[in-house]
Structures are given as C-alpha cells and as structure tokens.
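The next block holds one structure in the form of structure tokens; read it before the comments.
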Amino acid sequence: MTQSEHARGLAIEANSVTKTYWMDSGAAVKALDDITVEIAASTVVALMGPSGSGKSTFLQVAGGLTSPDSGTLIVGGQTITGLSRRELTEYRRHLGFVFQRFNLLPALTALDNVIAPVIPQRVAYDKVQRGRELLAAVGLADKARQLPARLSGGEQQRVAIARALIGDPRLILADEPTGNLDTATGATIIELLCSLRDTTGVTIVVGTHDPDTARRCDRRLHLQDGKISQDSPRSINA
Ligand SMILES: Nc1ncnc2c1ncn2[C@@H]1O[C@H](COP(=O)(O)OP(=O)(O)OP(=O)(O)O)[C@@H](O)[C@H]1O
Ligand SMILES: [Mg+2]
C-alpha cells in the first residue's frame, strides 16, 4: 500500500507501540505494552478501560505529545515515530485536541477562543468567518461574544470542539470529553462529534470511562494494563 492509499484507508496504524514510565522506586510501569491496532479513517473509536490502563498515554502518543519507547505509529500515512521535536510541533498543528477540562481562555470570547490557535499563523481563510462557521456548526452561533464563564459546561465543551476543528484536522483526539458533564449533556457532545465525522470525514478517538459515551461510538477498544483486552464494533455491543 502506498502512503497515499494508506492515508485514505487508515487513520492510525500502531505496530508494537510500547511506552514505559519509571517510578521513583525504580519500578517500571508499561503504560502501553506492545499495542498493535489499526483505526480506519472516519470512524469514532472509544478507548475504554480502568484508571491507569493507558488511555491517556495512547492519546498522548498518537498526538505527538510524548514519544513511545519502541514500535511505530503511522498517522494519516505519516510515520510519526522518529520525528524531530520541530516536526512533531508541525504534526500537532494538524490535529484537534479536546480535553476533559475545556481549557478555554477565560478572558476571551467564545469566538476568540475558537480562533486562538490560528491567530499566530498565516492561513488562507478569513479566521473570524471560519470561527463563526464553526460556532454555528456546534450550535453556538448566538454565543460568539460570550465569555466562557457565561456558558454552561456543555456549551464550553462545544466551544472547545469548535476550536479543535479550526485547523481542519483529519484526526481529533479527545480525552474524557464528557467527563465533566452530566449524562444528557455528555450524550449531546458525543452525538456532535459523530455528526462532525459524518460531515467532514474526520477520525475521532475518544478516551472515556463512560459506557453511554462508548456505546455511541463505532468501535470500542478496551485497554487493560497497557494492552488491548477487547475490540468490539458497534454492531456487537450497541
Ligand atoms: N507522566 C507520567 N509519569 C509516570 N507515570 C505515568 C505518567 N503518565 C501516566 N503514567 C502511568 O501510566 C499508566 C497509564 O496511565 P494513563 O494516564 O494512560 O491511564 P488512563 O487509562 O488514562 O487512566 P485514567 O482513566 O485514570 O485517566 C498509569 O500507571 C500511570 O500511573
Ligand atoms: Mg486518562
């Protein structure tokens, strides 16, 4: 398969990815232990598993925020293991990140939060117009001038999702995006992510403890002690 064929079919291909953390005691924790997995483009995948099973570590490795000790990781046809620090910074610019804490800048309006990542960049589009379009896409067209403190938790997370989309990513990595939200609001967030996948073809990997969130995804990967313990498509468990 050529690189471009790869990019069309597979969003992520991990081969024997291992990440070890060393404790003060000298003990080793294998946060990711020989993970081999393929994630098809335009799918919404839930990463499940108990606390400490490696969900956040997988998202950080896939996001180029930390490097694995061994193994290879190909994202959108690009081998990201072995990239230099500078190349990883460039790689991350093309990803969307969504976290449990919405990480909005409190002094900026919703619109300015959405466009903040691209303010220092030269881009071919009108940043403000694109920011408004993205706020509309997440159902917040009328909240563009609100400060985060005036928005509900679900609205704040929708602003964070709009912000994640500003660079037109092919991959969104979301770590517990519904973790601070009540069940009903969490459901609307995951439905929003799925509808964004439908309209843009973006691939989304969601770390979550919440079975209701996971149930709405196309596929569930369960981690246990840094290994994949179960891999179930929607048709089996939905
Ligand atoms: N920066 C770090 N330094 C040392 N150990 C770490 C670090 N990050 C994670 N770990 C360890 O790696 C293992 C996996 O952690 P990770 O955060 O990936 O789990 P998780 O599945 O996201 O858990 P949670 O559901 O609690 O968020 C844990 O044993 C954790 O203590
Ligand atoms: Mg975590």
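Order of listing sets the numbers, starting from 1, for every ligand and every atom in it. Position 1 is the first residue of the sequence; numbering continues from there.
- There is no side-chain donor-acceptor pair under 3.5 Å between D212 and T183.
- Checked against salt bridge (Lys or Arg N to Asp or Glu O under 4.0 Å), K143 has the following partners two or more places apart in sequence or in another chain: E155.
- The neighbour count for D225 CG, taken as heavy atoms of other residues, nucleotides or ligands under 6.0 Å away, does not exceed 12.
- Between K30 and T18, the side chains place no donor N or O within less than 3.5 Å of an acceptor N or O (distance only, hydrogens not considered).
- Closest non-hydrogen pair, T203 versus A41, comes out as OG1-CA, 3.4 Å.
- Protein N/O/S atoms found under 2.8 Å from the Mg ion (ligand 2), listed by chain and residue number: S56 OG.
- The environment of NZ in K127 is crowded: more than 12 heavy-atom neighbours from other residues, nucleotides or ligands sit within 6.0 Å.
- Formation of a donor-acceptor pair under 3.5 Å by the K227 side chain with backbone atoms of D34 is not found in this model.
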Show which side-chain atoms of residues 159-175 pair as donor or acceptor with protein atoms under 3.5 Å away, not counting sequence neighbours.
| unit_1 | atom_1 | unit_2 | atom_2 | d |
| --- | --- | --- | --- | --- |
| R163 | NH1 | N103 | O | 2.8 |
| R163 | NH2 | F102 | O | 2.9 |
| R170 | NH1 | T200 | O | 3.4 |
| D175 | OD1 | S56 | OG | 3.4 |
| D175 | OD2 | S56 | OG | 2.6 |

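- For ligand 1, the 4.0 Å heavy-atom shell takes in Y21, M23, V29, A31, P50, S51, G52, S53, G54, K55, S56, T57, H209, ordered by chain and residue number.
- Defined by atom type and a distance below 3.5 Å, a donor-acceptor pair is missing between the side-chain atoms of D198 and S195.
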